[in-house]
Amino acid sequence: MFDQMMDGFRKATESSLQIQQEIFKQWSQQWLSAQPNLTGATVSAEWTRTIQKRWMDLTIEMLNKHRASLDAMYASGIQAIEQSFRITEAKSSEDYRRIIDELWHRLFDALKGQLETQFRDFQRWSEQSFDIAQKAQSQAQAQASA
C-alpha cells in the first residue's frame, strides 16, 4: 500500500510538471512567433525591444516561481520520506494505518497545494502576457497612425 501511494504521488507530480512545462513551451512559442498584425504599420526597433523586455521579465519571474515550486515539492518529498521512516515505529496495525493515513493526507495536501499554486502562477502569467500583447497592439496602432 505504501509503495502504491508513493508511486501515485510521484506519477502525479511528474505529470503536473510535464503539463506545466508543455503549456509554458506552447505559449512561449506562440507569443514569440506572433507579430503585430497591422497592415502598413511600421514597428520601431525600440518598440520591439520594449515588448520583448517586458515579456522576458515576466518569463523570468514565472521561471523563478517554477523553481520555488520545485523546491517546495522536494521539501514535501523529503518530509514524506522522513515520515515514512516512522512506519517502523508502528506497534499495532492501528498505528500503522494511522501513520499511513497521515502520510497520505500530507502527500495529497502537498500535491493539491502545488497544483493550485502552479495554476495561479500560470493564470497570472497568461493574464500579463495578454496585457502585454494588448498594449503592444495599441502602441503599434498609435505609431501607425502617427
Please test His105 against Asp101 for side chain to side chain contact (heavy atoms under 4.5 Å, CB included), starting from the C-alpha separation and ending with a verdict. CA-CA 6 Å; His105 282 289; Asp101 190 51; 3.4 Å; yes

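Between Glu102 and Arg98 there is a salt bridge, since at least one side-chain N of the basic residue sits less than 4.0 Å from a carboxylate O of the acidic one.
For the pair Gln83/Gln79, no side-chain contact is recorded, criterion being any heavy-atom separation below 4.5 Å from C-beta on.
Atoms NZ and CG, on Lys53 and Asp57 in that order, are 3.5 Å from each other to the nearest 0.5 Å. Between Lys112 atom NZ and Thr117 atom OG1 the span is 11.5 Å, to the nearest 0.5 Å. We find the CZ-CG distance between Arg120 and Leu115 to be 11.0 Å, quoted to the nearest 0.5 Å. Here NE2 of His66 is found 7.0 Å from CD of Gln118. Values are rounded to the nearest 0.5 Å. Rounded to the nearest 0.5 angstrom, Asp121 CG and Leu63 CG are separated by 11.0 Å. With rounding to the nearest 0.5 angstrom, the CD atom of Glu94 is 10.5 Å from the CD1 atom of Ile99.
Arg124 pairs by the salt bridge (charged side-chain N to carboxylate O under 4.0 Å, His left out) definition with Glu61, not counting sequence neighbours.
Annotation for Ala80 and Leu107: closest pair CB-CD2, 3.4 Å, computed over non-hydrogen atoms.
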